[in-house]
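This report refers to the structure that appears directly beneath it.
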Amino acid sequence: MPELPEVETVRRQLEPRLVGRTLVAYAVRDARWTEPRSPNEVVAPLVGRRIEGFHRRGKYLIWEAEDELFLLIHLRMTGNLLYDAPEGTLYTRAHFGFDDGHDLRFVDPRRFGTGWLLAGQSELDAYLDARLGVEPFSDGFTAEHLRRLARGSRAPIKAFLLDQKRIAGIGNIYADEALFRSRIHPLRQAGRVTTAQWELLRDAVVDALSAGIDARGASIDDFRDLDGARGSFQDRFLIHRRADDGCLECGGPIRKILAAGRGTYVCEHCQPRPRGARIVPMTR
DNA sequence: GTGATAACCTGGGTGC
DNA sequence: TGCACCCAGGTTATCA
């Protein structure tokens with residue numbers, strides 16, 4: 001599932017290939033991609049405009065065109081951007097042609113991905129600020145900031161990490177990996193995480209995301225990079241999807257439980273269960 | 001205000 | 001073998 005590292009992987013590949021290029025043609029084959037706006041409303045303004053850059057905020061990929069036009073692309077669960085993919089590539093929702101003869105496809109079997117156009121830096125900032133909290137690779141991502149955000153919260157720490165309005169870019173995989181690295185149980189109440197644990201968790205989030213970027217993302221199911229290649233972070237998971245294996249730290253069992261409504265992997269020896277936490281096991 | 005849950009969507013896995 | 005059902009999960013809306 002595309003989270004921050006997967007989006008960053010694609011962004012880094014797009015930049016050298018498409019910055020300076022001009023969009024000359026497009027076809028949106030699934031109007032749902034731009035709902036509630038029409039595809040023409042969202043994409044037509046970009047035609048004839050030079051691409052100035054590709055940026056990322058959380059899990060959003062931002063295509064910056066001339067005159068401060070921004071196309072926000074969200075891959076959601078199964079979206080992929082493919083460069084020069086073969087004609088007839090299945091599940092192509094949008095297709096972009098550039099002045100150098102190359103092309104880019106947005107491919108998305110489950111049709112959850114979105115495309116959204118914003119005009120002007122202030123409109124972009126307002127849109128993102130309303131939806132996203134602190135960036136994990138920014139100076140503001142400190143243990144003290146996290147501790148303040150969580151003060152009084154009774155929600156499980158797993159839900160806290162997944163809340164994009166608090167921290168931008170973490171999804172199910174990297175939440176599990178960061179919690180295991182910091183030895184915090186996913187069901188611990190966010191407001192009860194200690195100062196020392198926030199320090200560990202802050203570093204664990206950065207470590208897990210950095211490792212994901214180094215591995216060019218995780219390809220459990222659908223994620224592919226710009227060239228259609230798989231990432232390799234799934235081969236380096238410490239806890240996520242390892243319910244059939246023993247814990248790499250202690251050799252104990254890894255359980256799959258429900259936390260924040262998501263399948264969550266935990267070693268309850270390394271990540272002690274908080275008193276009173278109610279476990280909902282998952283079998284699949 | 002906060003936290004939990006449903007809905008969106010479809011491919012793949014499971015059970016009968 | 002074929003069918004029905006369940007599950008996966010990022011985000012948003014809705015409900016308690």
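Keep in mind it's a predicted model, so treat the numbers as computed, not measured. Every chain is numbered from 1, with letters handed out A, B, ... down the list of sequences.
Residues in residues 226-235 of chain A take part in these salt bridge (charged side-chain N to carboxylate O under 4.0 Å, His left out) pairs, two or more places apart or across chains: A:Arg17-A:Asp227.
With sequence neighbours excluded, the residues forming a ring pair (Phe, Tyr, Trp, His ring centres under 6.0 Å) with A:Tyr174 are A:Phe233, listed by chain and number. When the salt bridge (Lys or Arg N to Asp or Glu O under 4.0 Å) test is applied to A:Asp99, the partners found at least two apart in sequence or on another chain are A:Arg21. Scored by the salt bridge (Lys or Arg N to Asp or Glu O under 4.0 Å) test, A:Glu64 finds no partners at all (sequence neighbours excluded). A:Arg202 is linked by a side-chain hydrogen bond (donor to acceptor under 3.5 Å, both in side chains) to nothing, counting only residues two or more places apart in sequence or in another chain. Residues satisfying the side-chain hydrogen bond (donor to acceptor under 3.5 Å, both in side chains) test with A:Glu268, not counting sequence neighbours, are A:His185, A:Arg255, A:Arg273.
Applying a 4.0 Å cut-off to non-hydrogen atoms, the residues of residues 143-159 of chain A that approach DNA chain B are A:Ser153, A:Arg154, A:Ala155, A:Pro156, listed by residue number. Near DNA chain C, meaning a heavy atom under 4.0 Å from it, residues 108-121 of chain A has A:Arg110, A:Phe112 in order of number.
In summary, A:Lys59 and A:Glu6 do not engage in a salt bridge, as defined by a charged side-chain N under 4.0 Å from a carboxylate O.
Under a 4.5 Å side-chain heavy-atom cut-off, the cluster of Ile, Leu, Val, Met, Phe, Trp and Tyr residues that includes A:Tyr127 is completed by A:Tyr60, A:Ile62, A:Phe70, A:Leu72, A:Trp116, A:Leu118, A:Leu124, A:Leu128, A:Leu132. Through direct or indirect side-chain contacts shorter than 4.5 Å among Ile, Leu, Val, Met, Phe, Trp and Tyr, A:Leu200 is connected to no other residue.
Note on the helix from B:dT2-C:dA16 to B:dC16-C:dG2: angle between the axes of the first and last five pairs equals 60°, rounded to 10 degrees.
Among the protein residues, A:Arg278 comes within range of no part of the nucleic acid, since none of its heavy atoms lies under 4.0 Å from any strand.
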Polar pairs (N or O, both sides) under 3.5 Å between protein and nucleotides 14-16 of chain C?
none

